[in-house]
Amino acid sequence: MHVLAFDTSSAAVTAAVAEWQEPSIPPEVVATATPGESFSFVMAGEGPAIRAERTEVASNRHGELLAPMIADVLAEAGITAADLDAIGVGLGPGPFTGLRVGIMTAKSMSDALAIPAYGVSSLDVLARMHDFVAYDHDHDIEHDFAVLTDARRKQVYWAVYDAHGLQVLDGPDLATPAILAERLRGRVTHLVGAGAVLYREQLADFTIVERAPYPAAGELAQLVVEPAIRKVSPEPLVPMYLRRPDARPPGERKKVTPV
Amino acid sequence: MSLPPTILGIETSCDETGVGIVRGSELLADALASSVDEHARFGGVVPEVASRAHLEAMVPTVHRALSDAGLTLADIDAIAVTAGPGLAGALLVGVAAAKAYALSLGKPLYGVNHLSAHVAVDRLVHGDLPQPCVALLVSGGHSSLLLVPDVTGPVESLGATVDDAAGEAFDKVARVLGLPFPGGPYIDRAATEGDAAAIDFPRGLVRDSPYSFTFSGLKTAVARWVEAKERAGESVPVNDVAASFQEAVADVLTARAVAACNEHGVDTLVIGGGVAANSRLRLLAEERCDAKGITLRMPPPKLCTDNGAMVAALGVLLVERGLEPSPLDIAADSSMALA
Ligand SMILES: [Zn+2]
């Protein structure tokens, strides 16, 4: 099984191909297994392998970069689009124009290839790339942490995750760094993501993690392999805008003649 | 005998999600989803609202086109898409979709110029375009007079609006008169009951550019005239104002288009764009072209407004002439030049 994943929610464009080999499980075992068991059997195999992955920081050139990057990762993985079994795409939140490039591409490829496309929160992808479990005197110390991405207009998109980066505890939402700092103070110590790096000065009370600031398609692909194997029917791909279009109905018409 | 090329055309330069399918010179489908109602309360097209609507409407509109044509994606030979000019964010959605379909199906991609596509669509109705022709393209987003030696190649701009597009002027004047958005059809309707000679509104000239247009002075003149009436406590003769304004626009557009044909020795004028649906513009263009022996080619209103068929109609020509497809890194270019 091959999964193509990509994300255009950040200042980077990223694409990856993951391959998962079905483990050979004796048919008599499969036949007697419960659905839960049979899934753990299949996941017990090799696990998905990332066959190709690219990331390029390219503010505002998502539309130009994504399609050639997809062609590149497919070629590097030694497959064509027709060999794909599923698509994964980051749903944001993120600047709208770039975000839509990824989601429109996923919708169209899913349609053209008649394969499912799964949407994943781009903040979830970033959270999965980090881990705040320390080991101290025989027990784990777990720290919740926050993921921040650049929402432009002096704001960030954010969410709080458990130490494993698996579960959202607060958010996702939109805030200025100052207001978010108030909200997170005493709650988390570590911040990850390009939004935290960008506003490090306003967020001086926290430890800013510089590593892995953008969602990576390899991680996203891993997240999508499971629903693809289970043949989960995908939800419609709806961008996480978290912000309305800023348009107001016009007020009273201004006169052109001075009164 | 093999079939002529079958092209799927995608158009998202403004507020219409258009997907058309053309085989050779035969229009097989022209599916459209419009977000115009979502813009009405804002009194103009809101780019972000348009982009969001394109993202939602694209795949269903592709399917409507395929089903109208009785085809599947496997029958499509190439994908053509408007690469510009237009609203940047809106264009990007269509270009992303076109690339994804082309990449997935292993078919060539052709990024085309929106204005050239407005000209090319007439071949579906009136047959092959003569070379050269002059084109007058007027809408809410553009107002241009073009010299078109060959619609698949570079096109020369003879003139364009220096301020508002003609369609924008209709929207703004409609607002002054308390008529809804988009203004074009409402002004056209009001004008049928009015006297076009009632008020002598100015015909704006652009210095040193005989084929350019300016509508901002006209728009202000209408507002001044209406405000003077209101201040005097008189009722505003909406129908007369609409008719006189529409006359001024139609007069300027057709006079300059006909003059451009004469000066360049071109015997065919093509008119397109949303404002080409205006009844007075159509009538006056016919009269003036007749008087000068110019052949006037105007597609029916449905093909004058933005649509996917026009993109497909141009795409067929590009494929038939064996022109190079666009690379996958082609950009959506909101201010795309003609050449
Ligand atoms: Zn147009």
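All chains are named by letter (A, B, ...) in the order of the sequence lines, taking the proteins before the strands, and each is independently numbered beginning at 1.
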Practice task
Could you check which of His62(A), Met104(A), Arg61(A) has the highest count of heavy-atom pairs closer than 4.5 Å to chain B?
Solution key: Met104(A)
Problem - Part of Pro239(A) lying under 4.5 Å from any heavy atom of chain B - result: side chain
Handout entry: Heavy-atom neighbours of Glu235(A) CD exceed 12 at 6.0 Å
Key = no
Problem - Salt-bridge criterion met for Arg52(B) and Glu56(B) (N-O under 4.0 Å) - result: no
Problem - Region of Leu55(B) that comes under 4.5 Å of a non-hydrogen atom in chain A - result: both
Problem - Residue part contacting chain B, namely of Leu65(A), when any heavy atom lies under 4.5 Å - result: neither
Problem - salt_bridge(Glu76(A), Arg54(A)) N-O dist < 4.0 Å - result: yes
Fill in the blank from the handout: Most contact-rich option vs chain B, by heavy-atom pairs under 4.5 angstrom, among Gly102(A), Pro245(A), Ala81(A), is Pro245(A)
Problem - Interface residues of residues 172-187 of chain B facing chain A - heavy atom cut-off under 4.5 Å - result: Arg175(B), Val176(B)
Problem - Pair Lys219(B) + Asp163(B), salt bridge at N-O below 4.0 Å - result: no
Handout entry: Largest heavy-atom contact set with chain B, pairs under 4.5 Å, which of Arg100(A), Arg244(A), Met109(A), Met69(A)
Key = Arg100(A)
Fill in the blank from the handout: Here the pair of heavy atoms bringing Glu48(B) nearest to Tyr241(A) is OE2-CE2, 4.0 Å
Handout entry: NZ/NE/NH1/NH2 to OD/OE distance under 4.0 Å, Asp173(A) and Arg243(A)
Key = no
Practice task
Indicate whether the side chain of Asp7(A) and that of Tyr214(A) have a donor and an acceptor atom separated by less than 3.5 Å.
Solution key: no
Exercise for the section: Go through Asp111(A), Thr97(A), Thr105(A) and name the one with the most non-hydrogen pairs under 4.5 angstrom from chain B. Expected result: Asp111(A)
Handout entry: Arg231(B) and Glu227(B): CA distance, side-chain angles, deciding distance, salt bridge (Lys or Arg N to Asp or Glu O under 4.0 Å) verdict
Key = CA-CA 6 Å; Arg231(B) 232 185 353 261; Glu227(B) 284 165 22; 5.1 Å; no
Exercise for the section: Please determine, by modelled atom types, if Glu53(A) and Thr55(A) share a side-chain donor-acceptor pair under 3.5 angstrom. Expected result: no
Problem - Lys/Arg N to Asp/Glu carboxylate O, Arg128(A) vs Glu219(A), below 4.0 Å - result: no
Practice task
Report, by ascending residue number, the residues of residues 88-109 of chain B in heavy-atom contact with chain A at a distance under 4.5 Å; give 'none' if the set is empty.
Solution key: Gly89(B), Leu92(B), Val93(B), Ala96(B), Ala97(B), Lys99(B), Ala100(B), Tyr101(B), Leu103(B), Ser104(B), Leu105(B)
Problem - Side chains of His39(B) and Ser35(B), donor plus acceptor under 3.5 Å - result: yes
Problem - Test item: Val62(B) and Arg64(B) side chains (from C-beta on) under 4.5 Å apart, heavy atoms - result: no
Handout entry: Trace of the side-chain contact (heavy atoms from CB on, under 4.5 Å) decision for Leu84(A) with Leu74(A)
Key = CA-CA 9 Å; Leu84(A) 290 170; Leu74(A) 290 174; 4.0 Å; yes
